[in-house]
Amino acid sequence: MKKNMYSLMLSEEVISEIDRLAEREGTTRSHLVNEILADYVSVVTPEKRITDVFRQIESLFENNENFPVYYANHDNTLSIKSALSYRYRPTLRYEVELYRVAGDHYGELKVNFRTQSPELLTRLTEFFRLWQKMEEIYVTALFNRRIEYSLDECKWTRSLSFKKSGNYNTDDLGKEISNYVKVFDKMLKKYLSDGYKTLNELENDYLAALNAGNLTI
C-alpha cells in the first residue's frame, strides 16, 4: 500500500490529543492519523493486518505459560520463548516477522538460540537440517512452494510463503503459524531428549502433523 505526503488543516486541540495518544501507544502522529482514517473508511492497512495476525497468535498461546508471547503495537515482529529441557535450561526464541508488502514470501520465521554447549549446537544443527530435508521432500516438491533457509551460529531462518496466491485471512494465518511453531518445538525437544530411536520415527511424526494440516505455512 503506497504512501504519499499530504497537507491537512487540523485544529491545535485535535493535534494535541493525537500526539498524546500516539505517545501513549508508542507510535507517530502520521501513523495514528492514517490508522484512524483507515478505520473510518473501512480500509485494512498492512499494519492492521499484521497486528490482527499477532493478536490471533497471542490468543492461541495465552493459556500456555511455557510459551510467553511478546510484541509491540505497530511492530512487524512477534517473539515466542520456549525453554529447553537441557542442562542450564537454554531458551529458544521464535521470531515471526511479517512483511508490510508481501512478494514471493509474506514473512519469515527465525529460531534464535544462545548456548556455549558444542553438543547442543551440534544437535540443533542436525535437527534443522533434517527438518529442511523433510520440507524439501514433502512441501517444496509436492506443493510447488519455494522456501528459503539460512543457518548461522545462533539462528535458523525459514521463509514463510502463501499456500496459494492472494490475500490471506488473518485468523487462519495466525492459526497456521501457531500450529507450525508448536509442532516444530515439540519435535525439536523430543529429538534433543533422544525420544526418536530412528529417523523413520521422526519422519512419521512430521508426516502426521503435515497430514493434519499443522505444517502448512
Side-chain angles (χ1 to χ4, degrees), residues 1-4 18 21-22 24-82 92-112 131 135 138-140 142-149 156-186 209-217:
M1 187 176 290
K2 184 179 179 181
K3 289 187 177 181
N4 292 310
I18 288 291
L21 185 58
R24 189 177 71 190
E25 295 191 3
T27 188
T28 64
R29 175 194 295 173
S30 295
H31 182 274
L32 183 58
V33 170
N34 188 73
E35 291 299 303
I36 291 172
L37 293 176
D39 284 343
Y40 187 81
V41 297
S42 301
V43 171
V44 180
T45 64
E47 291 81 7
K48 175 125 183 2
R49 188 177 293 115
I50 290 171
T51 298
D52 288 346
V53 173
F54 287 169
R55 285 176 177 167
Q56 173 70 348
I57 294 174
E58 184 179 40
S59 71
L60 293 170
F61 280 95
E62 66 180 353
N63 294 323
N64 195 329
E65 60 184 15
N66 295 320
F67 293 97
V69 176
Y70 306 91
Y71 72 95
N73 285 334
H74 318 301
D75 198 358
N76 67 337
T77 302
L78 171 143
S79 296
I80 305 168
K81 287 189 176 181
S82 176
L92 294 178
R93 181 164 55 88
Y94 297 96
E95 251 184 38
V96 179
E97 178 183 353
L98 299 182
Y99 302 149
R100 187 178 176 276
V101 178
D104 292 338
H105 307 111
Y106 62 82
E108 58 187 23
L109 172 67
K110 304 172 187 176
V111 183
N112 298 275
W131 188 270
E135 289 199 320
Y138 296 111
V139 177
T140 304
L142 293 181
F143 296 100
N144 194 27
R145 303 258 297 283
R146 185 172 65 87
I147 303 174
E148 296 178 354
Y149 303 89
W156 180 76
T157 303
R158 177 202 188 273
S159 63
L160 304 177
S161 57
F162 294 107
K163 290 184 293 183
K164 56 184 179 180
S165 61
N167 292 328
Y168 55 80
N169 177 285
T170 54
D171 285 349
D172 289 344
L173 184 57
K175 182 178 180 181
E176 290 171 2
I177 293 172
S178 299
N179 288 340
Y180 187 96
V181 171
K182 289 176 181 178
V183 171
F184 184 95
D185 188 80
K186 181 179 179 180
L210 181 65
N211 291 330
N214 293 326
L215 297 174
T216 56
I217 62 173

side-chain contact (heavy atoms from CB on, under 4.5 Å) partners of [X], counting only residues at least two apart:
X	answer
Asp185	Phe67, Ser82, Leu92, Tyr94, Lys189
Asp171	Gln56, Asn169
Thr157	Glu108, Lys110, Ser150, Lys155

Please tell me if the side chains of [X] and [Y] come closer than 4.5 Å, counting only heavy atoms from C-beta onward.
X	Y	answer
Val139	Leu210	yes
Tyr180	Leu160	no
Val181	Phe61	yes
Ile217	Arg158	yes

How many angstroms lie between atom [atom1] of [X] and atom [atom2] of [Y], to the nearest 0.5 angstrom?
X	Y	atom1	atom2	answer
Leu98	Phe54	CG	CZ	4.0 Å
Ser159	Tyr106	OG	OH	9.5 Å
Ser161	Ile147	OG	CD1	5.5 Å
Ile177	Leu109	CD1	CG	8.5 Å
Arg55	Ile50	CZ	CD1	12.5 Å
Glu135	Leu215	CD	CG	7.5 Å

Please state whether the rings of Phe184 and Trp131 are parallel, tilted or perpendicular, taking 30° and 60° as the class boundaries.
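Ring orientation, 0 to 90° scale: perpendicular.
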What pairs with [X] under side chain to side chain donor-acceptor pair (under 3.5 Å), at least two apart in sequence or on another chain?
X	result
Arg24	none
Glu58	Tyr71
Glu95	Arg93

Do you know the tightest heavy-atom contact between Gly174 and Ile57?
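Looking at all heavy atoms of both residues, the shortest contact is O-CG1, 3.5 Å.
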Where is the tightest heavy-atom contact between Arg100 and Glu47, given as atom of each residue plus distance?
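Taking Arg100 first and Glu47 second, the nearest heavy atoms are NE-OE2, 2.6 Å.
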More than 12 heavy atoms of other residues, nucleotides or ligands under 6.0 Å from NZ of Lys175: yes or no?
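Open: at most 12 neighbouring heavy atoms sit under 6.0 Å from NZ of Lys175.
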